Protein chains: 2
Amino acid sequence: MNRSPKKQNEIEERETTILDVAARVFLSDGYHSLNMENIADEIGCSKGTVYGHFRNKEDILMELASRGVEKRAEMFSQAAAFAGRPRERMAVLWMSIELYVRAYPEYFASELILRTETLREKAAPERQEFMRGCENRCIQIVAGIVRDGVALRDLHLPDGMSDEELAFGVWSLTYGAHGLLQTGTPMKSMGVKNPFQSILYNANIMLDGVGWKPLSTELDYQSIQKQAAKTLFEDEVKLADRR
Amino acid sequence: MNRSPKKQNEIEERETTILDVAARVFLSDGYHSLNMENIADEIGCSKGTVYGHFRNKEDILMELASRGVEKRAEMFSQAAAFAGRPRERMAVLWMSIELYVRAYPEYFASELILRTETLREKAAPERQEFMRGCENRCIQIVAGIVRDGVALRDLHLPDGMSDEELAFGVWSLTYGAHGLLQTGTPMKSMGVKNPFQSILYNANIMLDGVGWKPLSTELDYQSIQKQAAKTLFEDEVKLADRR
DNA sequence: CGCCATTATTGACGTTTCGTCATTTTCAGC
DNA sequence: GCTGAAAATGACGAAACGTCAATAATGGCG
């Protein structure tokens, strides 16, 4: 006996429902409020059925995080394909991170909590593997833009520094900043009035630091970013504004 | 009847013991293996006694994190007091972060997991408050160095950017990088062969980006850092090497 | 249709951890 | 030794975990 397409579909749909419910609960009530039994109750099936889809809550979070990183990889690709010089493409990519974090906070929160390795390793190995792949893809896209910039002689890397290493720095800056923001750290009281703005400024500073032309003094990256947001990431802009 | 000094002492000692045990368990076996009952067993007292000291495991982690941030604030102070120009002091401060992360991984791991707000808020409010204070102190020290640099005209902040905003960027870069490293993300396979080195390079790039003199091309910050490590942070260097 | 074989679903169960609190123990001071 | 305050204990109920034998649903087939 085979699984009918109808049944197949039902199962896939349920998986989506589980993830939706989990995302909502996790975002609003946090890690400890997220549990398999509640999810089951809420979608009207039994605990065992939920366990049929995911081995535990970390596994659910890993799936959410994976979808997030996948989505981000997609946004990165679009940003990297922006018509313009490498540094402009990098600027657009930065902006895409902000949009990602604001449009999909449940994904980003999942990513963040899974930074803790002992939580991460509870998820199914395949899911861990998949996640790593997506993360890799993201950093490779960033490194690719750096490579293009170097090839066009728009920037020179310091001696002994690779494309990936600069990409690592760029990534650390934005990731760290958004991570710090995510938590209740009261940036504003610390003198950072507009954190998102601040991140973009700092990112520009960083690229000016390797002399990546056109420098931030020579080109208005902010308006390029605004423009690109509208054309490339209409959906995310809407989502981000709604949150 | 009053508490005798002897008893007082015993209680304080036990608090330390609890933290030691918790730090060890958390670092080696992770969040879920850390629980009040095991701690009690291991130090030979009852669960209730442990609960007398901390309201739950997040509270213990918060205390560990606080001690960490306190320690870091102390290291930052020393770095900031280094005899040299502001940018040299900043370079020393950076190195101190690396030493901190490597010498006290249990503290840093506690900090990281408490980035998740719903975990953080389970700790006692006083502890949360204390932690915030320490974090604030750290960023203020960084901002102070920026301020000195500006005052000496070693750098000019871009229009509309405050000391704290640059400090936020600097902090994000290093924090994000160390956070990414902490997890199993295989940086090496991504082309980042020496991550710690890489962080320092990127940090230099960032300060070059605001034209902070002397530029990294004009002064060998790495040897200043090495030198300072030996004189200012002897203990941490030893600890870091042992890990 | 009715039966079978297979797959999906269920929820009771044993286990673990949580956090509380009534009870017992300890001990300084008299 | 007695006493009363402070400290320590561990039994307890609640909650979540993850499993698995039993039950239900379903598609294929005569």
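Just so we're clear, the structure is a prediction, and the values are computed from it rather than from any experiment. Letters go in sequence order (proteins before strands), and every chain restarts at 1.
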Q: List in chain and number order the residues that pass side chain to side chain contact (heavy atoms under 4.5 Å, CB included) with B:E129, two or more places apart in sequence or in another chain; answer none if no residue qualifies.
A: B:R132
Q. CG of B:D41 versus P of C:dC18: gap in Å, rounded?
A. 12 Å
(Q) The test is salt bridge (Lys or Arg N to Asp or Glu O under 4.0 Å); show your working for B:E234 and B:K230 and say whether it passes. (A) CA-CA 5 Å; B:E234 204 187 339; B:K230 268 188 225 151; over 6 Å; no
Q.
A:E12: which residues meet the side chain to side chain donor-acceptor pair (under 3.5 Å) condition with it, sequence neighbours left out?
A. A:Q8
(Q) Are B:H178 and B:Y100 an aromatic pair, judged by ring center distance below 6.0 Å? (A) no
Q: Round to a whole Å and report the spacing from CD1 of B:I18 to C1' of D:dA7.
A: 13 Å
Q. Does B:Y201 have any ring pair (Phe, Tyr, Trp, His ring centres under 6.0 Å) partners at least two apart in sequence or in another chain, and if so, which?
A. none
Q. When you measure from every atom of DNA chain D, which of residues 110-128 of chain A have a heavy atom less than 4.0 Å away?
A. A:K122
Q. How would you list, by chain and number, every residue that makes a salt bridge (charged side-chain N to carboxylate O under 4.0 Å, His left out) with B:R67, sequence neighbours excluded?
A. B:E63
Q: Sugar-phosphate atoms are those with a prime plus P, OP1 and OP2; base atoms are the rest. Using that split, label each nucleotide of nucleotides 9-14 of chain C B, S or - for protein heavy atoms under 4.0 Å, 5' to 3'.
A: SBBB--
Q: With sequence neighbours excluded, tell me which residues meet side chain to side chain donor-acceptor pair (under 3.5 Å) with B:T49.
A: B:S46
(Q) Under the rule for side chain to side chain donor-acceptor pair (under 3.5 Å), what residues qualify as partners of B:E135, not counting sequence neighbours? (A) B:R115
Q: Would you sort out whether A:R102 and A:E236 count as a salt bridge (Lys or Arg N to Asp or Glu O under 4.0 Å), showing the intermediate values?
A: CA-CA 8 Å; A:R102 290 175 52 207; A:E236 280 79 12; over 6 Å; no
Q. Hey, what do you get for NZ (B:K71) to CZ (B:F76), rounding to the nearest 0.5 Å?
A. 13.5 Å
Q) Which ones in residues 32-39 of chain A lie close to DNA chain D, meaning a heavy atom under 4.0 Å from one of its atoms? A) A:N35, A:M36
Q: Enumerate the residues from residues 54-67 of chain B whose closest heavy atom to DNA chain C is under 4.0 Å, giving them by residue number; use none for an empty result.
A: B:N56, B:K57
Q. For B:T118, which residues count as a side chain to side chain donor-acceptor pair (under 3.5 Å) partner, sequence neighbours excluded?
A. none
Q) For B:R72 and B:E111, what are the C-alpha separation, side-chain angles and deciding distance, and is it a salt bridge (Lys or Arg N to Asp or Glu O under 4.0 Å)? A) CA-CA 12 Å; B:R72 198 173 61 213; B:E111 278 189 62; 2.9 Å; yes
Using atom names, set out every protein N or O paired with an N or O of nucleotides 22-24 of chain C below 3.5 Å, distance rounded to 0.1 Å.
none

Q. Looking at CZ of B:R24 and CG of B:L34, how far apart are the two atoms once the value is rounded to the nearest 0.5 Å?
A. 11.0 Å
Q: With the side chain counted from C-beta on, respond yes when B:D59 and B:R127 share a heavy-atom pair under 4.5 Å apart, and no when they do not.
A: yes
Q.
If I take atom OH in residue A:Y31 and atom P in nucleotide C:dT17, what distance separates them, rounded to the nearest angstrom?
A. 13 Å
Q) B:Y31 vs A:H32 aromatic rings, parallel, tilted or perpendicular, using cut-offs 30° and 60°? A) tilted
